[in-house]
Amino acid sequence: MGICQGKLPETPKPLNCELREKLRSPIIVFVIGGPGSGKGLHCARLATKYNFYHMAVGELLREEAKKATSSSSKIIKDIMLRGALVPAGFVMDLLTDTMLRTENAKGFFIDGFPRGIRQARLFEEVVGRPPNIVIVFDCSTETMIQRLLLRSHTGTRADDHERIIRQRLETHYTLSEPVLTYYLQKSLLRNVLGEEPSEIIFAKCCSVVDDVLKGHSVQD
Ligand code: AMP
């Protein structure tokens, strides 16, 4: 991954035809929503059910931040503790590297991507295709804050701190609208209500994925 002098790349590296071809057949489901909207928990469950790979971008970045040998780890940590976004080029490279390392994956639930219209466009430029579908978790700000504050008591995440939570929400609201419009125009957006009972949310997500699978097998 190309790192330029104490900075993370804003521009992703291109993929050659052979690598793009590898990413042509797996089903790609983007799962987006605010922090605390419940997307991570449901992605994990969906990945088990469908035998897809759950790729949580925040988790991949936390792993990068932990690598003592990585020159980028401190920069990533600082960005995450500010509730800001890691530069799109770095995120795209991490995403495509991880997807390409996952041999023979039937599908991917990509959790927390894209955050912002630039990431949505970059994905299509680099990979050469859009996702098969985009699931968005709608959730009220109050619910998201309450859930994250509750999680903060477990101490599992350094960014579950009230000040950072508010910044993460601010980042989310600033960048998410154009992404929703973009996928709505492509008829790829499917909304789920993140405040409904868990079983209902899960069933709704499954019906979205089942529809994609049906369409996929017709094409095959
Ligand atoms: P999450 O685990 O999804 O709540 O993400 C935690 C943090 O990781 C975010 O606050 C961002 O700093 C960073 N992050 C996650 N996904 C992305 C993304 N797609 N682009 C840039 N930064 C991201």
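Whatever order the structure lists ligands and atoms in, that order sets their numbers, starting from 1.
Look at Arg82 and you'll find every heavy atom at least 4.0 Å from all atoms of ligand 1.
Listed here is the closest heavy atom pair of Gly40 and His54: O-CE1, 3.6 Å. Nearest approach of Leu85 to Arg115, heavy atoms of both residues: CD1-O, 3.5 Å. A pairwise comparison of heavy atoms in Pro130 and Leu188 identifies CB-CD1, 4.3 Å as the closest pair. The shortest non-hydrogen separation linking Glu10 to Arg118 is O-NH2, 2.9 Å.
Within the 4.5 Å cutoff, side-chain heavy atoms of Arg168 are placed close to those of Leu148.
Proximity to Leu61 (heavy-atom distance under 4.0 Å) selects the following atoms of ligand 1: 8 (O), 13 (C), 14 (N), 15 (C), 22 (N), 23 (C). Interface of Gly58 with ligand 1, defined as ligand atoms under 4.0 Å from a residue heavy atom, comprises 2 (O), 5 (O), 8 (O), 15 (C). Counting atoms of ligand 1 from 1 in the listed order, those under 4.0 Å from a heavy atom of Gly112 are 16 (N), 17 (C), 18 (C), 19 (N). Listed by number with element, the atoms of ligand 1 under 4.0 angstrom from any heavy atom of Phe113 are 19 (N). With ligand atoms numbered from 1 in the order given, ligand 1 contributes 18 (C), 19 (N), 20 (N), 21 (C) to contacts under 4.0 Å with heavy atoms of Gln119. Shown in contact with Arg62 at under 4.0 Å from a heavy atom are these atoms of ligand 1, numbered in order with element: 2 (O), 6 (C).
Summary of contacts: the protein heavy atom closest to atom 16 (N) of ligand 1 is Arg115 NH1, 2.6 Å. Shortest contact from atom 10 (O) of ligand 1 to any protein heavy atom: Arg168 CG, 3.9 Å. Nearest to atom 22 (N) of ligand 1 among the protein's heavy atoms is Val86 N, 3.2 Å. Nearest protein heavy-atom neighbour of atom 6 (C) of ligand 1: Arg157 NH2, 3.5 Å. When only non-hydrogen protein atoms are considered, atom 7 (C) of ligand 1 lies nearest to Met80 CE, 3.6 Å.
Contacts between Leu85 and ligand 1 below 4.0 angstrom, taking non-hydrogen atoms only, involve backbone and side chain alike. At a heavy-atom distance under 4.0 Å, only backbone atoms of Ala84 (N, CA, C or O) approach ligand 1.
Screening Tyr182, Phe123, Phe109 for a ring pair (Phe, Tyr, Trp, His ring centres under 6.0 Å) involving Phe30 leaves a single residue, Phe123.
Ring-plane geometry between His42 and Phe137 is classed as tilted, the angle between the planes lying from 30 to 60 degrees on a 0 to 90 degree scale.
Counted by atom type alone, Tyr173 and Thr141 present one or more donor-acceptor pairs between their side chains at under 3.5 Å.
Of the possible donor and acceptor atoms, one in the side chain of Asn132 sits under 3.5 Å from a partner among the backbone N and O of Ile28.
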